[in-house]
Amino acid sequence: MEKLGKNVKGFCVGDRVYTRLPIKKVGAFAEYVTVDHEALAKMPSGYEFTTAAAIPLAGLTAYQGLTEELEVQPGKTLLITGASGSFGQIAVPIAKSMGLRVVVTGNTRSREKFIRMGADQYIDYKKENYWEVLTDIDYVIDTLGANEFEHELSVLKKGGRLLSLRTAPNGMFAKRNGLSWFKRILFTLAGNKFDSAARKQGKEYRFMFVRSDGKQLKRVTEIVEKYHIMPDIDSRKFSLFQVNEALMLMADGKLNGKVVIQM
């Protein structure tokens with residue numbers, strides 16, 4: 001932190017801070033940015049910037065999804081599909097900290113890592129179809145998209161909730177985010193197929209887009225420190241002048257963790 005506004009409290013010049021930038025600030029790469037202090041939290045103690053930078057987006061997505069969209073209760077079972085990536089690395093320990101039984105699907109090479117992380121059951125998607133071995137799941141977080149919707153819905157118990165990070169926004173999403181009446185109509189139409197399919201089975205479909213929140217990020221930080229969560233960072237290094245190369249890698253390459261631009 002280089003400078004503070006006169007009304008900012010709780011931070012000092014020199015503090016090591018991080019954030020998921022507010023929606024009006026995203027979309028660019030820069031060495032410096034001005035941010036509302038309510039979007040900030042102090043970085044986890046002992047973490048370097050490169051590692052800490054990989055935490056806020058996934059951490060806040062998991063925290064908001066679990067607490068606000070799914071409204072999880074301890075002792076219930078959560079399935080995260082496609083969890084072997086960077087989102088799952090943070091979502092699993094956060095879910096475990098909330099007292100959930102966590103089942104994940106992912107690739108072969110990540111199995112042992114997620115078992116050590118606390119996952120109660122790991123399903124290798126190359127060896128098993130989760131919809132053939134699971135039933136009566138309380139909550140599902142989908143990271144795979146519309147092609148998995150029917151399978152994910154099938155393993156939910158009646159009254160369960162399916163939260164997608166990729167499939168389609170719906171009317172509930174528009175309402176909860178205070179969008180205009182026009183966007184509410186558009187999103188209601190876009191999500192109607194998924195809402196209707198879930199309702200017919202006595203289940204509920206949700207969609208979310210993460211927002212910045214410094215208080216929640218502080219809670220995520222506490223969980224990160226307590227469970228020593230260390231997100232994987234891809235070993236390939238990129239400078240500010242290599243942004244295009246980094247974006248091409250993300251679009252087409254095989255990643256071994258978060259891609260970070262080093263300033």
**Message:** With side chain to side chain contact (heavy atoms under 4.5 Å, CB included) as the test, pick out the partner of Ile123 among Val104, Leu134, Asn129.
**Reply:**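 Output: one option passes, namely Leu134.
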Please report the shortest heavy-atom distance between [X] and [Y], naming the atom on each side.
{"X": "Lys203", "Y": "Leu153", "result": "NZ-O, 2.8 Å"}
{"X": "Tyr122", "Y": "Ser110", "result": "OH-CB, 3.5 Å"}
{"X": "Val259", "Y": "Ala246", "result": "CG1-CB, 3.9 Å"}
{"X": "Arg184", "Y": "Leu179", "result": "NE-O, 3.1 Å"}
{"X": "Asp195", "Y": "Gly171", "result": "OD2-N, 4.4 Å"}
{"X": "Ile90", "Y": "Ala58", "result": "CD1-CB, 3.9 Å"}

Side chains of [X] and [Y]: does their closest heavy-atom pair fall under 4.5 Å?
{"X": "Ile94", "Y": "Ile223", "value": "yes"}
{"X": "Glu132", "Y": "Glu128", "value": "no"}
{"X": "Pro231", "Y": "Ile55", "value": "yes"}
{"X": "Thr19", "Y": "Pro56", "value": "no"}
{"X": "Leu100", "Y": "Leu66", "value": "yes"}
{"X": "Phe173", "Y": "Arg206", "value": "no"}
{"X": "Leu240", "Y": "Gln262", "value": "no"}
{"X": "Leu57", "Y": "Val210", "value": "yes"}

inquiry  = Go through it in stages, so that I can follow the logic: the residues are Ile80 and Val103, the test is side-chain contact (heavy atoms from CB on, under 4.5 Å), and I'd like the CA-CA distance, side-chain angles, deciding distance and then a yes or no.
reply    = CA-CA 6 Å; Ile80 308 176; Val103 182; over 6 Å; no
Check your understanding: Where do Thr221 and Tyr18 land on the side chain to side chain donor-acceptor pair (under 3.5 Å) test, with the steps shown first?
Key -> CA-CA 10 Å; Thr221 304; Tyr18 68 162; 2.6 Å; yes
| said: Using modelled atom types and a 3.5 Å cut-off, is there a donor and acceptor pairing between side-chain atoms of Asn192 and backbone atoms of Thr188? | reply: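 Pair absent, no side-chain N/O of Asn192 close to backbone of Thr188.
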For the side chain of Thr105 and the backbone of Gly82, is there at least one donor-acceptor N/O pair under 3.5 Å apart?
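Present.
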Let me see the working for Asp234 and Arg236 under salt bridge (Lys or Arg N to Asp or Glu O under 4.0 Å), right down to the final yes or no. CA-CA 6 Å; Asp234 196 279; Arg236 285 159 285 194; 2.7 Å; yes
Count I, L, V, M, F, W, Y as connected when their side-chain heavy atoms are under 4.5 Å apart, and connections chain through other members. Are [X] and [Y] then in the same cluster?
{"X": "Met208", "Y": "Ile23", "answer": "no"}
{"X": "Phe87", "Y": "Val140", "answer": "no"}
{"X": "Trp131", "Y": "Phe194", "answer": "yes"}
{"X": "Phe49", "Y": "Leu60", "answer": "yes"}
{"X": "Leu156", "Y": "Val133", "answer": "yes"}

Could you tell me whether the side chains of [X] and [Y] share a donor-acceptor contact shorter than 3.5 Å?
{"X": "Gln216", "Y": "Glu68", "result": "yes"}
{"X": "Glu69", "Y": "Tyr139", "result": "no"}
{"X": "Glu225", "Y": "Ser45", "result": "no"}
{"X": "Asp142", "Y": "Thr167", "result": "yes"}

Would you sort out whether Leu249 and Leu255 count as a side-chain contact (heavy atoms from CB on, under 4.5 Å), showing the intermediate values?
CA-CA 8 Å; Leu249 173 64; Leu255 304 179; 3.5 Å; yes
Return the [atom1] to [atom2] distance between [X] and [Y], rounded to the nearest 0.5 Å.
{"X": "Leu217", "Y": "Gln64", "atom1": "CG", "atom2": "CD", "value": "10.0 Å"}
{"X": "Phe114", "Y": "Ser84", "atom1": "CZ", "atom2": "OG", "value": "6.0 Å"}
{"X": "Thr81", "Y": "Arg166", "atom1": "OG1", "atom2": "CZ", "value": "10.0 Å"}
{"X": "Ile141", "Y": "Leu162", "atom1": "CD1", "atom2": "CG", "value": "9.5 Å"}
{"X": "Lys9", "Y": "Phe11", "atom1": "NZ", "atom2": "CZ", "value": "13.5 Å"}
{"X": "Thr50", "Y": "Met263", "atom1": "OG1", "atom2": "CE", "value": "11.0 Å"}

**Request:** Might you confirm whether atom NZ of Lys183 has over 12 heavy atoms from other residues, nucleotides or ligands at distances under 6.0 Å?
**Result:**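 No, not enclosed.
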| If you count the non-hydrogen atoms of other residues, nucleotides and ligands that lie under 6.0 Å from CD in Glu222, is the total more than 12? |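 Yes, the 6.0 Å shell around CD holds more than 12 heavy atoms from other groups.
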Between [Y] and [X], is the closest basic N to carboxylate O distance under 4.0 Å?
{"X": "Lys157", "Y": "Asp138", "value": "yes"}
{"X": "Asp232", "Y": "Lys113", "value": "yes"}
{"X": "Asp213", "Y": "Lys215", "value": "no"}

Name all pairs fulfilling the salt bridge (Lys or Arg N to Asp or Glu O under 4.0 Å) condition that reach into residues 71-93, sequence neighbours left out, sorted by first residue then second.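 Residue pairs with at least one partner in residues 71-93: Glu71-Arg161.
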Begin with the C-alpha distance, continue with both residues' side-chain angles, and end with the deciding distance and a verdict on side chain to side chain donor-acceptor pair (under 3.5 Å) for Tyr130 and Glu148.
-> CA-CA 11 Å; Tyr130 66 87; Glu148 283 299 304; 2.6 Å; yes
Worksheet item: Would Phe149 and Tyr205 count as a close aromatic pair, with their ring centres under 6.0 Å?
Response: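 Yes, close enough.
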Set out, in order, the CA-CA distance, both residues' side-chain angles and the distance that settles side-chain contact (heavy atoms from CB on, under 4.5 Å) for Lys158 and Gln201, then state yes or no. CA-CA 7 Å; Lys158 192 171 183 179; Gln201 298 184 29; over 6 Å; no
**Verdict with reasoning, Leu21 to Val35, per side-chain contact (heavy atoms from CB on, under 4.5 Å)** = CA-CA 7 Å; Leu21 287 173; Val35 185; 3.7 Å; yes
